[in-house]
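Here is the structure we will look at, set down as structure tokens.
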Number of protein chains: 2
Amino acid sequence: MTAADTRRKLLDGAIDTVRAEGLAGTSARSIARTAGVNQALIFYHFDTVDALLAEAARRAAQERVEPYRARFATVTTLAELLAAGRALWAEEEARGNAAVLAQLLAGAQTSPALAEGTAAALGLWSAEVETVLRRVLPESPLAGLLDPVATAQAVSAAFAGLSLFGAIGATPDALGQLEALVALVDDLGPLERRLVARRLARMTDTPKRS
Amino acid sequence: MTAADTRRKLLDGAIDTVRAEGLAGTSARSIARTAGVNQALIFYHFDTVDALLAEAARRAAQERVEPYRARFATVTTLAELLAAGRALWAEEEARGNAAVLAQLLAGAQTSPALAEGTAAALGLWSAEVETVLRRVLPESPLAGLLDPVATAQAVSAAFAGLSLFGAIGATPDALGQLEALVALVDDLGPLERRLVARRLARMTDTPKRS
DNA sequence: GTCTATAACGAGATAGAC
DNA sequence: GTCTATCTCGTTATAGAC
């Protein structure tokens, strides 16, 4: 077995262990068991457990973001973005990847190494959303109201938090609520659009936001 | 020193330790050190560390929700609710209470005892929001669009997740984005209100939501 | 690169004196 | 109720044979 194989097994095993046991149940021993690899090899290849987890987070995000790229590229309206987001969320939630990211994000609070890897992983997701928002938002009446960067970050982080709900009850239909709100304003007729524009102008005259 | 004093010290110490060291750095020993209490007393008074944390989460939520109750009771519009929510969030985030809840929520994934206490704690927050929503939402054009329960849960959970962002970068201005969106639709004039109502009727005819 | 063995330590929890 | 002392186990990490 080559070194690259071992590294790969460990990276996969690390994510699988967090998925199955949570971060609290994730140790060098439990990862090695899941990966089917000797425990000492973790330290040979990655120096520390946290460094392995950070690298695993980065790689996992890359591999999961990639298949959505083509789909996101075809999105031209905010409504389509929300539909794509709904599908993405359903898939990643079902696979437990959202929960994994949330666990690592929680662990990042006390581990600088983990913080760096998790930031990179979450950044890949929000960058993807941000790209689409930059393209789609200007066509919407909501342009100028929503900031692409802040919105993408907020949505990504909120979804990570939402996935933590799994253990304590049913996950609330957050996207459904958001979708309803956005769909109401977005995709309006010309007359309504002018009304919204007027209202927007009034709002930015007397801004309530910081 | 009475037993009630010791219990109180441990409950406070448990929260303080999670706040300062994260859940990963929270142990019977570290809690006892923070509380200035002998380590063995944790098990005498609470049986297990997780049971102490669960009880601490419940109590902390009670004590933090309470001071906002009067403020929330005066809220009559959605815009006011958002303003109150913004103030609440700023305060709890600054105190680190949001991060504590998020840490416990993450730990709840692998500890049934912790899950129960965390569910109760988070439930107190979302119940408060839900109460206001039930009173305020019917007056808004958004009535019938947003479900009070799902919205309250989604907002609470999303904010917990948002607080996890602290360790890996600046917290995005999520409430600002949401506020802009809601403010746009809410608090409309009679003419615009009719337009929104028409659009709502159209949406519910061909529902996109599950 | 991979293995076994083990060092060094902190964890949860308990026994038993006071 | 509170304390000290301790048991037992799992943890990260390393040394050294192969």
Side-chain angles (χ1 to χ4, degrees), chain A residues 1-18 20-57 103-104 106-117, chain B residues 1-18 20-57 103-104 106-117:
Chain A
M1 176 167 45
T2 145
D5 282 344
T6 302
R7 284 181 64 94
R8 167 127 255 248
K9 277 189 186 177
L10 284 172
L11 290 167
D12 290 345
I15 298 295
D16 289 342
T17 305
V18 174
E21 324 265 5
L23 191 58
T26 298
S27 67
R29 282 168 156 81
S30 61
I31 292 173
R33 202 181 317 121
T34 306
V37 155
N38 189 284
Q39 174 253 146
L41 291 176
I42 288 175
F43 303 97
Y44 176 79
H45 286 289
F46 297 96
D47 288 346
T48 68
V49 174
D50 278 1
L52 164 57
L53 285 169
E55 183 62 26
Q103 287 289 305
L104 296 176
Q109 304 293 312
T110 37
S111 162
L114 209 47
E116 201 232 332
Chain B
M1 176 168 44
T2 147
D5 282 344
T6 302
R7 285 182 62 95
R8 166 125 256 245
K9 278 189 186 179
L10 284 172
L11 290 167
D12 290 344
I15 298 295
D16 289 342
T17 305
V18 174
E21 323 264 6
L23 190 59
T26 299
S27 67
R29 284 168 158 81
S30 61
I31 292 173
R33 203 181 317 124
T34 306
V37 155
N38 188 282
Q39 174 252 149
L41 291 176
I42 289 175
F43 303 96
Y44 176 80
H45 285 290
F46 297 95
D47 288 347
T48 68
V49 174
D50 278 1
L52 164 57
L53 285 169
E55 183 62 26
Q103 287 288 306
L104 296 176
Q109 304 292 313
T110 37
S111 162
L114 209 47
E116 202 232 332

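In what follows, every chain begins at residue 1, and chains take the letters A, B, ... in the order their sequences are listed. Just so you know, these numbers use all the heavy atoms, side chains as well, and skip hydrogens, waters and symmetry mates.
Distance Lys9(A) NZ to dC3(C) C1': 14 Å, rounded to the nearest Å. Atom-to-atom, CG of Leu53(B) to C1' of dA13(C) comes out at 15 Å; the value is rounded to the nearest Å. One atom, CD1 of Ile31(B), and another, C1' of dA11(C), lie 12 Å apart when rounded to the nearest Å. Rounded to whole Å, atom C1' of dT14(C) lies 14 Å from atom CD1 of Ile42(B). For Asn38(B) and dG1(D), the CG to C1' distance is 11 Å, given to the nearest whole Å. When the C1' atom of dG12(C) is taken as reference, atom CG of Leu41(B) falls 15 Å away, rounded to whole Å. Atom CG of Leu23(A) is separated from atom P of dT11(D) by 13 Å (rounded to the nearest Å). Between the CZ atom of Phe46(B) and the P atom of dG1(D) there is a distance of 11 Å, given to the nearest Å.
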Using atom types as modelled, flag every donor-acceptor pair under 3.5 Å from a side chain in residues 32-45 of chain B to any protein atom, sequence neighbours excluded.
{"residue": "Thr34(B)", "atom": "OG1", "partner": "Thr17(B)", "partner atom": "OG1", "Å": "3.0"}
{"residue": "Thr34(B)", "atom": "OG1", "partner": "Ser30(B)", "partner atom": "O", "Å": "2.9"}
{"residue": "Asn38(B)", "atom": "OD1", "partner": "Ala40(B)", "partner atom": "N", "Å": "2.9"}

(request) Could you walk me through whether Asp5(A) and Lys9(A) pass the salt bridge (Lys or Arg N to Asp or Glu O under 4.0 Å) test, one step at a time? (result) CA-CA 6 Å; Asp5(A) 282 344; Lys9(A) 277 189 186 177; over 6 Å; no
(message) So if I define the base as every atom that isn't primed, P, OP1 or OP2, how would nucleotides 12-18 of chain D read as a B/S/- string at a heavy-atom cutoff under 4.0 Å?
(response) BBB----
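Shown here are the side chain to side chain contact (heavy atoms under 4.5 Å, CB included) partners of Thr110(B), two or more places apart in sequence or in another chain: Ala24(A). Remark: Glu55(B) pairs with Arg58(B) by the salt bridge (Lys or Arg N to Asp or Glu O under 4.0 Å) rule, at least two apart or across chains. Evaluation of the side-chain hydrogen bond (donor to acceptor under 3.5 Å, both in side chains) rule for Arg29(B) yields no partner, not counting sequence neighbours. Not counting sequence neighbours, Asp50(A) has no partner by the salt bridge (Lys or Arg N to Asp or Glu O under 4.0 Å) test.
The phosphate of dG1(C) has neither OP1 nor OP2 within less than 4.0 Å of any side-chain N or O from Thr6(A).
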